[in-house]
Amino acid sequence: MRLVRYTYPSYRSLATLPAGLARSPWSGLESEIDRLFESALGDFTTVPSTRFPVDLYEDKNNTYVRAELPGFNRDDINVEVVDGYLNLTAARKAPTVPATDSAQAEGQAAPALSLSRSIGIPEDVQADKVSAAYENGVLTVTLPKREEAKPKKVTVAVK
Amino acid sequence: MSLFNTLVPSFTRETPSRASGAGPAVRPAYEIKETDEAYGLTVFLPGVAKEGLELTAESTELRIVGRRGWQQPAGWTAIYRESAPASFELVLAHDNAIDADKIVAELKDGVLRASLPKAAALKPRKIAVN
């Protein structure tokens with residue numbers, strides 16, 4: 001007796017292919033699973049539009065906050081330091097004048113949007129020396145540390 | 001083992017999103033709007049400069065790869081992270097519906113706006129009746 005695995009007839013199995021070129025019976029299932037994962041995880045990984053991702057970094061002299069805020073004007077981004085919190089606000093007004101240039105003519109002018117986030121920052125920040133820069137849709141806020149918070153290096157002579 | 005690989009090739013194959021060889025990639029947030037003339041595509045690519053952006057139009061596929069220009073400088077320690085350092089990759093499949101020669105794209109402040117004109121065959125046509 002010979003055992004023959006039943007394959008569902010498709011154009012691939014109907015055409016006579018050399019054994020090396022025949023597709024694995026799993027490949028259809030595979031791409032289907034990939035597609036399911038892509039759509040399920042794709043929604044999962046994109047951040048909801050009302051909450052923007054924020055990163056915190058630190059070096060010897062400063063603490064840095066980097067916020068991803070694509071598509072805002074510099075004037076519409078507000079950075080405030082209040083009571084040990086850093087408040088980031090970004091607002092976009094709905095365009096009043098219809099855009100004329102070619103890339104925006106397809107009715108894709110950005111809709112009105114307002115985002116804000118409050119981040120607890122370390123106590124040793126000099127609030128009056130905070131600076132911020134916006135480049136390529138990423139806002140970088142530099143929070144200088146107070147002198148006494150910086151690591152001090154004291155060399156002690158050994159007798 | 002070779003029999004196992006033939007039966008379950010997923011153990012040896014590349015995952016589709018990494019196939020471009022750019023390391024791990026995330027899919028950016030994007031919007032597509034449609035008018036009679038064109039599709040308007042907006043892709044949010046924070047941290048991607050013009051130099052790091054690649055837009056490839058093939059006959060049935062539009063591929064957007066954005067590499068972040070900013071690298072964590074030496075001496076910076078990450079305290080808390082929400083963003084991924086991965087580059088962005090978006091592949092949009094279409095049925096040859098886009099006139100690839102007339103694509104206009106603009107990257108500003110981390111937002112890519114592209115106008116993808118529909119191929120002539122897809123546009124609505126008025127037929128005069130005699």
Side-chain angles (χ1 to χ4, degrees), chain A residues 19 22-27 29-31 33-35 37-39 41-43 45-49 51-74 99 101-111 119-120 122 134-140, chain B residues 5-10 13 15-17 26-35 37-50 52 66 68-70 72-86 91 102 104-117:
Chain A
R23 256 161 59 124
S24 143
W26 296 89
S27 56
L29 180 68
E30 240 170 51
S31 54
I33 289 173
D34 280 344
R35 200 183 54 74
F37 266 97
E38 280 245 318
S39 54
L41 294 177
D43 292 343
T45 48
T46 47
V47 183
S49 57
R51 190 182 155 92
F52 51 89
V54 167
D55 294 348
L56 260 81
Y57 295 96
E58 185 182 47
D59 69 1
K60 268 186 286 177
N61 303 320
N62 302 300
T63 304
Y64 303 93
V65 176
R66 279 173 63 85
E68 296 189 349
L69 288 163
F72 286 94
N73 290 325
R74 275 157 190 76
D101 60 293
S102 58
Q104 293 198 331
E106 273 70 54
Q108 50 166 317
I119 301 140
Y134 184 65
E135 194 192 13
N136 295 328
V138 178
L139 176 77
T140 307
Chain B
N5 280 343
T6 351
L7 287 173
V8 192
S10 43
R13 80 203 167 111
T15 42
S17 61
V26 290
R27 188 156 61 161
Y30 67 100
E31 288 164 14
I32 297 175
K33 284 175 184 169
E34 189 185 354
T35 61
E37 291 292 310
Y39 298 99
L41 172 69
T42 311
V43 191
F44 296 95
L45 302 162
V48 175
K50 220 167 132 183
R68 288 172 202 259
W70 188 82
Q72 184 179 336
W76 287 35
T77 327
I79 311 172
Y80 173 71
R81 289 211 69 168
E82 280 177 3
S83 73
V91 181
K102 290 182 188 156
V104 182
E106 178 198 31
L107 180 71
K108 196 192 163 208
D109 291 337
V111 180
L112 173 76
R113 288 174 211 282
S115 161
L116 315 168

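Throughout, a chain's letter reflects where its sequence line sits, starting with A, and its residues are numbered from 1. All values below come from the heavy atoms of this structure, side chains included, with hydrogens, waters and symmetry mates left out. These numbers were taken from a predicted model, which means no experiment stands behind them.
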Would you call the rings of A:Y64 and B:W76 parallel, tilted or perpendicular, taking 30° and 60° as the class edges?
parallel
Most heavy-atom pairs under 4.5 Å with chain B, out of A:L69, A:N62, A:L56, A:D59, belong to A:L56
Between B:E82 and A:R66, is there a side-chain N and carboxylate O pair less than 4.0 Å apart? no
When rounded to the nearest 0.5 Å, the distance separating CH2 of B:W70 from OG1 of A:T140 is 7.0 Å
Given B:A78, B:P46, B:G110, the one with more heavy-atom pairs under 4.5 angstrom with chain A than any other is B:P46
### Task
State whether the side chain of B:D109 and the backbone N or O of A:P70 hold a donor-acceptor pair below 3.5 Å, judged by distance alone.
no
inquiry  = If you define the side chain from C-beta out and look only at heavy atoms, does anything of B:R81 sit under 4.5 Å from A:V54?
reply    = no
d(B:I79 CD1, A:E58 CD) to nearest 0.5 Å is 4.0 Å
Bottom line for A:F72: the part with an atom under 4.5 Å from chain B's heavy atoms is backbone
Please check if atom CD in B:Q72 has more than 12 non-hydrogen atoms from other residues, nucleotides or ligands closer than 6.0 Å. yes
Bottom line for B:I32: the part with an atom under 4.5 Å from chain A's heavy atoms is neither
In terms of heavy-atom contacts, A:V138 and B:G47 come closest through CG2-N, 3.2 Å
Taken to the nearest 0.5 Å, the spacing of A:N136 CG from B:L107 CG works out to 7.0 Å
